[in-house]
Trainee: 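Have a look at the structure that comes next, please.
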Amino acid sequence: MAATLHRLRSWLGALVVAILLPLAGFSVATAAPAPPSADGEVGTQIVGGTRASTSTYPWVVYLATSSGFQYCGGTLVAANKVVTAAHCTVGDSASAVRVVAGRDDKNSTAGVVARVTKIWIHPSYVDATQGNDVSVLTLDRNLTQATLPIATSSDTGLYAAGTSSTILGWGTTSSGGSASRYLLKATVPLTSNATCSSAYGSDFKAAHMVCAAYPQGGTDTCQGDSGGPLVAGGKLIGITSWGEGCALAGYPGVYTRVSNFATLITQQINS
Ligand code: ARG
C-alpha cells in the first residue's frame with residue numbers, strides 16, 4: 001500500500017510538474033507514442049492494449065485541467081453526468097475541471113469540452129485503497145454522446161470470475177511511462193475475490209472493489225486511466241482505481257465495484 005501511495009504521489013507530482021512547468025514558461029515535450037499502423041496495433045498500450053475510437057465507445061471521456069492536460073478518465077452515464085474516481089476529483093474545485101468527449105486523439109480538437117458545475121464525492125471516501133472511490137460530475141451542458149448504463153445490485157452475474165471485461169483510457173502505457181496520445185482499450189478477465197485478496201491482503205475490500213487481470217499480467221490500466229470505465233455486459237461495472245505497479249503478474253488492477261454504489265450514483269444522476 002505504501003508503494004501504491006508512493007506511485008500515486010509520483011503520478012500527482014508529475015501532474016503538478018506538467019502544470020507548473022508550462023506556467024513557468026518551460027515547454028514540456030510530451031513524448032507521443034508512434035502512430036498506430038493500419039491495423040490499429042500499437043505495441044504496448046493502456047498496458048498491452050490497442051487503439052479504440054470514441055465512435056465505438058461514445059461514453060468514454062477524459063478529465064483535463066483548464067490548460068488541457070489529461071489526468072483521468074470518466075464515463076458519461078447521463079447527458080450531463082460523468083462517473084469517475086473520487087481520487088481523481090478530491091480537492092478540486094468544479095471550475096478547474098474539463099470533461100472532454102468524442103476526442104480519440106488528445107492532440108486534436110475533435111469532440112466537445114464541457115465544464116463542470118458540481119463535483120460529488122462519496123462522503124466516506126478517504127483514499128483509493130480504503131474503498132468508496134467514486135465521484136459524479138455534473139456538466140454545464142447536455143452532451144449528445146450515447147450514455148452507458150451502470151450495473152446495479154441485480155447485476156451480480158456480471159461480476160463472476162473469468163468474465164471478459166473492457167478497459168479504456170488515455171493513461172500511461174507502462175508504469176511510470178508516458179501517457180498515450182490516443183484512446184486505448186484492452187480486454188481483461190475479472191478475477192475472483194480470493195485471487196485479489198491474496199495479492200493485496202486487507203487493502204482489497206470485496207464489497208467496494210473488483211479486480212481484473214490475466215494471471216500472467218501484461219494487460220492493465222495504468223496511471224492516468226483512473227476514473228475510466230471497466231465494462232461488461234454493456235454496463236459500467238467498475239471504475240479504474242488502483243493497483244501495485246501496472247500489468248505485473250500476480251497484481252491485478254483494482255476497480256470500484258459500481259453495483260455496490262448504484263443507489264448513490266443514481267441519486268446523483270437524478271439530482
Ligand atoms: N491510480 C491510477 C490513476 O490514478 C490508476 C492505477 C491503476 N493501476 C493498475 N495497476 N490497474 O490513474
Side-chain angles (χ1 to χ4, degrees), residues 11-12 14-23 27-33 35 45-46 51-121 134-148 150 167-172 178-185 221-229 231 236 239-240 265 268-269 271:
W11 170 242
L12 290 173
L15 179 65
V16 167
V17 167
I19 295 164
L20 291 184
L21 283 186
L23 287 180
S27 69
V28 178
T30 338
Q45 304 295 351
I46 241 191
R51 273 198 62 184
S53 167
T54 56
S55 9
T56 315
Y57 304 97
W59 30 259
V60 63
V61 301
Y62 68 79
L63 309 191
T65 63
S66 55
S67 57
F69 180 81
Q70 179 270 327
Y71 60 93
C72 269
T75 306
L76 193 71
V77 295
N80 68 337
K81 301 283 177 177
V82 166
V83 168
T84 186
H87 81 261
C88 288
T89 59
V90 69
D92 288 353
S93 68
S95 62
V97 182
R98 302 289 181 273
V99 169
V100 183
R103 185 175 298 175
D104 305 353
D105 175 359
K106 292 193 286 199
N107 290 4
S108 79
T109 55
V112 58
V113 181
R115 286 174 177 253
V116 173
T117 57
K118 183 187 171 186
I119 298 176
W120 173 87
I121 292 178
V134 53
S135 175
V136 179
L137 308 178
T138 303
L139 308 182
D140 69 343
R141 71 198 77 184
N142 288 330
L143 301 186
T144 55
Q145 276 78 10
T147 59
L148 187 67
I150 65 165
I167 50 177
L168 289 152
W170 288 262
T172 66
S178 49
S180 175
R181 169 175 167 180
Y182 301 100
L183 174 63
L184 302 173
K185 72 156 195 296
T221 47
C222 207
Q223 284 76 38
D225 290 322
S226 279
V231 182
L236 181 68
I239 303 165
T240 302
I265 295 171
Q268 292 308 315
I269 292 175
S271 77

Trainee: Does Leu236 reach the side chain of Val77, with side-chain heavy atoms less than 4.5 Å apart?
Mentor: yes
Trainee: Under the criterion side-chain contact (heavy atoms from CB on, under 4.5 Å), which of Thr117, Val99, Val112 is the partner of Arg141?
Mentor: Val112
Trainee: List the atom of Tyr71, the atom of Asp92, and the distance in Å for their closest heavy-atom pair.
Mentor: OH-OD2, 3.6 Å
Trainee: Donor-acceptor pair, Gln70 side chain versus Gly224 backbone, under 3.5 Å?
Mentor: yes
Trainee: Of the non-hydrogen atoms in Tyr57 and Lys185, which two are nearest, and what is the gap between them?
Mentor: OH-CD, 3.3 Å
Trainee: Do any N or O atoms from the side chain of Thr75 and from the backbone of Val60 form a donor-acceptor pair under 3.5 angstrom?
Mentor: no
Trainee: Looking only at non-hydrogen atoms, find the nearest pair between Gly74 and Val82 and report the distance.
Mentor: CA-CG1, 4.0 Å
Trainee: Output yes when a side-chain donor or acceptor of Lys81 lies under 3.5 Å from a complementary backbone atom of Gln268, and no otherwise.
Mentor: yes
Trainee: Can you check side chain to side chain contact (heavy atoms under 4.5 Å, CB included) on Val116 and Leu139, steps first, answer last?
Mentor: CA-CA 4 Å; Val116 173; Leu139 308 182; 4.2 Å; yes
Trainee: Which distance, rounded to the nearest 0.5 Å, do you find between the CG of Leu76 and the CH2 of Trp59?
Mentor: 10.5 Å
Trainee: Between atom CZ of Arg181 and atom CG of Asn107, what is the distance when rounded to the nearest 0.5 Å?
Mentor: 4.0 Å
Trainee: Which value, rounded to the nearest 0.5 Å, describes the distance between Thr172 atom OG1 and Asp225 atom CG?
Mentor: 6.5 Å
Trainee: Does one side chain, of Asp104 or Thr54, offer a donor that lies under 3.5 Å from an acceptor on the other?
Mentor: yes
Trainee: Give, for atom SG of Cys72 and atom CD1 of Ile239, the distance between the pair rounded to the nearest 0.5 Å.
Mentor: 11.0 Å
Trainee: Would you say that Arg51 contacts Leu184 through its side chain, given a criterion of any heavy-atom pair below 4.5 Å between the two side chains?
Mentor: yes
Trainee: Are the side chains of Thr84 and Leu137 in contact, using a 4.5 Å heavy-atom criterion?
Mentor: yes
Trainee: State, yes or no, whether a side-chain contact exists between Val100 and Val61 at a heavy-atom distance under 4.5 Å.
Mentor: no
Trainee: Distance from Ile121 atom CD1 to Thr89 atom OG1, nearest 0.5 Å?
Mentor: 3.5 Å
Trainee: Could you walk me through whether Arg115 and Arg98 satisfy the side chain to side chain contact (heavy atoms under 4.5 Å, CB included) test, starting with their C-alpha distance in whole Å, then the side-chain angles of each, then the deciding distance to 0.1 Å, before giving a yes or no?
Mentor: CA-CA 5 Å; Arg115 286 174 177 253; Arg98 302 289 181 273; 3.2 Å; yes
Trainee: Side-chain contact test, heavy atoms from C-beta onward, threshold under 4.5 Å: evaluate it for Ser271 versus Lys118 and give yes or no.
Mentor: yes
Trainee: Can you name the nearest heavy-atom pair linking Thr240 to Ala85, along with the distance?
Mentor: O-CB, 3.9 Å
Trainee: Grab the two heavy atoms, one from Ala78 and one from Ile269, that are nearest each other, plus how far apart they are.
Mentor: CB-CG2, 3.8 Å
Trainee: Looking at Ser108 and Ala110, would you say the former's side chain and the latter's main chain have a donor-acceptor pair under 3.5 Å?
Mentor: yes
Trainee: Take Ser180 and Ile46, measure what side chain to side chain contact (heavy atoms under 4.5 Å, CB included) needs, and give me the verdict at the end.
Mentor: CA-CA 7 Å; Ser180 175; Ile46 241 191; over 6 Å; no
Trainee: Under 4.5 Å between any side-chain heavy atoms of Ser135 and Ile119, yes or no?
Mentor: yes
Trainee: Using 0.5 Å steps for rounding, measure from the OH atom of Tyr62 to the CZ atom of Phe69.
Mentor: 11.0 Å
